[in-house]
Amino acid sequence: MTEQNRFPLADTDDDSHYRLRLFITGASPNSTRAISNLNEICEKYLKGNYTLEIIDVHQQPAIARSEQIIALPMLIKKAPGTERRLIGDMSDTEKVLKGLGINTGI
Amino acid sequence: MTNVNKKQSLVHHPSLPKTPTGINGLDEITGGGLPKGRPTLVCGEAGCGKTLLSLEFIIKGVTEFNEPGVFIAFEEKAEELTTNVASLGFDLDKLQADKKIRLDHVHIDRSEIEETGEYDLEGLFIRLGYAIDSIGAKRVVLDTLENLFSGLSNQTILRAELRRLFGFLKQKGVTAVITGERGEGAALTRQGLEEYVSDCVILLDHRVINQISTRRLRIVKYRGSQHGTNEYPFLIDEEGISVLPVTSLKLEKDVSTERVSSGIPALDQMLGGKGFFKGSSILVSGTAGTGKTSLAAYFAHETCQNNKRCLYFAFEESPRQIVRNMKSISVDLQKHIDSGLLMFHASRPTLYGLEMHLAVIYKLIKKFKPAAVVLDPITNLITAGSVSEVKTMLIRLIDFLQEEQITTMFTALTLNTIINDQTDEGLSSLVDTWVLVRDIESNGERNRGLYIMKSRGMKHSNQVREFVITDNGLDLIDVYLGPEGVLTGSAREAQKLNEKTGVALRDFAVTRKDREVMRKRMMLEAKISTLQAEFESAEEELNKIYLEEELKQNIIEKNRQEITNIRHGNAATPKDNTKKEK
């Protein structure tokens, strides 16, 4: 669970395809919560239309610099649209959705 | 961790181990540097030099102490920093390539980030830890950490994480510098960072008073160590930051009995025949145009003639002007400038504040290492501050100069001749020798009188000398003291002529009298000889009578003898008989 458990299956040029990267720190409570929360959201709103990459920063400390990581856990939405950054344990679903640009239609 | 433990086990010394910053002067006031292995807070307003100070701490750490450092920039990008310090002669790119320094720009922008719940700053920790470990850093700078507060909104998390961060830095055993913006009112930083950094807090300040700006540095606190508590001025110039701890509270400086010439033999003569003491301070004061600068230039010239360095601070004239003007009294300063013995530093007093002047002077002296310093004139500095400020500055300057055993000559303009007993920014109590040049105005002309108001520790003349400036240089002439008072200039010359006439007249009178005496003597002698003659004739007369008498006696005696003979003997001469019968 902690390490890159899902690889991008294919590079889809589809505009609506979500490419997500979640940076976590080991098995910290925040990290585990973030993973389960995000999984839940993705399964619910983006079923089959997303690629999620989970990276443990502890394992790749150099990435922290290149990706401008400060606060963790952090989710980077690479596509579609502009890059967005979300931090926190993803417990605020509304904000996550807003950050990902998903219109729930509620 | 073992490394850290080892370090902590070394901390047995009674004194706090310190990390020298390498920044000029800062190590002096902190008593050796920043607390080793602990965070230090550097705070101040925008543009006061926080980033430069912290960056210099890192760079000097590498170049002077071989301690690699990490610089985490929250404000400026790495490239910007590199450009900024390139002007100071540091090549950050090379130092980075050599793995001596690691620059890391932390970009954080609230508009790009959505907060979706609990988080922590583990990312920053990992980043920092990785940077430290990758080059074995001993020094870390976080500039400006408070930017986190503008990027992230959850204060509770941030504060908890900051506390953890400082713990983390200590645990890493790095000496850290954290910069923070000055807050409103009495707060040192906007976000109260001083709560977390309790070991050492340095406050930088940039004040503008009377349109003149001065940078100052103060150590607000330094736990477990003695430190200078004053506000120290500091400079940012082509060599980075220099802090100038120029106030010494002790009067423990060495003294010298060595003497240095003033360049004017007659003035040396007035000062016990040998001139000033080495390392003493000399004040030359006087009204405008009395030749103060000439005196100072003479002194500078003399110093250079003796193959010693002299630093000349000109606050009134440009160096070229001084060189040209001094040529007119046959003092060639240019050759000393060419030979590197003389250095001029000319600046308008209003160029910067007094502290800054002091700082510049201090720095130049440290660099040039002169044997003598001339400040011409100190009174002009008043335009850059108040009288009391100037006095404080001069006290500090004199203190510093005496500590360095540098002979100093100040010139001071006295604006009002009436108050010349106390004048000159109250400097008189500080200086060792006070030479006063004043105008003596009489007979429609102005002349210069020079006297020594005081000269500590040496016999000095109490006389007023006339100070003359000629094409051949400066000289002192005894003034004429006569029944008419002190005479100078043409009055003195006139008096001299008068005297000459007097002498001639007197000479004439004397010869006449001499002749009369001679005559009288001759007369008397003549008289004496007459009397002598008289006496001789009288004596002769007496002698004659006496001789006659004697002759007569002789004859009578003879006759009587004959008569006797005749009576006794018959056969005597008939002559006798006849005589007897008679």
Side-chain angles (χ1 to χ4, degrees), chain A residues 2 20-42 55-78 81-102, chain B residues 70-75 77-78 96 99 101-135 137 142 144-162 164-165 168 172:
Chain A
T2 56
L20 306 173
R21 287 178 121 186
L22 179 65
F23 296 92
I24 52 154
T25 48
S28 73
N30 277 344
S31 302
T32 35
R33 262 204 311 279
I35 293 165
S36 62
N37 284 336
L38 188 63
N39 272 330
E40 214 172 281
I41 293 167
C42 288
I55 299 155
D56 183 355
V57 187
H58 272 309
Q59 306 297 321
Q60 302 178 48
I63 209 164
R65 186 178 177 185
S66 55
E67 288 290 349
Q68 283 295 349
I69 295 167
I70 309 279
L72 286 172
M74 181 169 79
L75 175 69
I76 298 181
K77 180 200 76 169
K78 293 269 181 194
T82 51
E83 189 178 295
R84 286 293 290 175
R85 285 159 180 255
L86 292 86
I87 55 169
D89 60 7
M90 310 291 149
S91 56
D92 190 335
T93 317
E94 216 170 289
K95 277 198 170 166
V96 177
L97 291 176
K98 193 179 145 219
L100 292 175
I102 299 166
Chain B
V70 170
F71 193 97
I72 309 282
F74 290 85
E75 278 179 337
K77 286 196 172 131
Q96 281 194 89
K99 292 204 179 242
I101 283 183
R102 225 185 149 101
L103 282 184
D104 194 350
H105 171 65
V106 173
H107 173 80
I108 189 158
D109 187 347
R110 186 173 280 189
S111 64
E112 291 175 8
I113 292 173
E114 200 77 53
E115 290 176 33
T116 66
E118 289 276 307
Y119 56 89
D120 54 37
L121 297 183
E122 191 63 30
L124 180 65
F125 284 64
I126 293 170
R127 212 158 145 178
L128 194 52
Y130 176 68
I132 291 169
D133 295 338
S134 65
I135 57 168
L142 299 167
T144 306
L145 195 56
E146 284 175 322
N147 270 24
L148 283 178
F149 286 87
S150 61
L152 302 169
S153 59
N154 195 329
Q155 297 257 337
T156 330
I157 292 178
L158 278 177
R159 296 204 174 272
E161 288 297 286
L162 277 186
R164 196 157 73 92
L165 176 68
F168 169 78
K172 279 275 178 193

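Quick note on labels: first sequence line is chain A, next is B, and so on, each numbered from 1.
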**Message:** If I measure from the heavy atoms of chain A, does B/Leu152 come under 4.5 Å with its side chain, its backbone, both, or neither?
**Reply:**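 Contact with chain A involves the side chain of B/Leu152 alone.
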**Message:** Is B/Leu148 in contact with chain A via its backbone, its side chain, both, or neither, using a 4.5 Å heavy-atom distance?
**Reply:**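 For B/Leu148, the contact with chain A is made by the side chain alone.
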**Prompt:** Looking only at atom types and distance, does a side-chain atom of B/Thr116 sit under 3.5 Å from a main-chain N or O of A/Ser91, one as donor and one as acceptor?
**Reply:**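 No, the answer is negative, given that no donor and acceptor are paired below the 3.5 Å cut-off.
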**Request:** Using a cut-off of 6.0 Å, state whether more than 12 heavy atoms not belonging to A/Lys78 lie near its atom NZ.
**Result:**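 Enclosed.
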**Item:** B/Gln155 atom CD, over 12 foreign heavy atoms within 6.0 Å
**Value:**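 Enclosed: over 12 neighbouring heavy atoms sit under 6.0 Å from CD of B/Gln155.
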**Request:** With chain A as the partner chain, list the residues of residues 106-114 of chain B whose heavy atoms fall under 4.5 Å from it, by residue number, and write 'none' if nothing qualifies.
**Result:**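 So far as heavy atoms go, B/Val106, B/His107, B/Ile108, B/Ser111, B/Glu112, B/Ile113, B/Glu114 are the residues that approach chain A to under 4.5 Å.
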Hey, could you give me the [atom1]/[atom2] distance between [X] and [Y], rounded to the nearest 0.5 Å?
| X | Y | atom1 | atom2 | value |
| --- | --- | --- | --- | --- |
| A/Gln68 | B/Asp104 | CD | CG | 7.0 Å |
| A/Ile87 | B/Asn154 | CD1 | CG | 8.5 Å |
| B/Ile126 | A/Asp56 | CD1 | CG | 7.0 Å |
| A/Ser31 | B/Glu118 | OG | CD | 12.0 Å |
| A/Leu72 | B/Arg127 | CG | CZ | 10.5 Å |
| B/Glu115 | A/Met90 | CD | CE | 11.0 Å |

**Message:** Please classify the contact of A/Ala62 with chain B as side chain, backbone, both or neither, using a heavy-atom distance under 4.5 Å.
**Reply:**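 Both parts, heavy atoms under 4.5 Å.
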**Message:** Below 4.5 Å, heavy-atom pairs only: which of A/Ala64, A/Ser28, A/Pro73 has the largest tally toward chain B?
**Reply:**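 Among the listed options, the one with the most contacts to chain B is A/Ala64.
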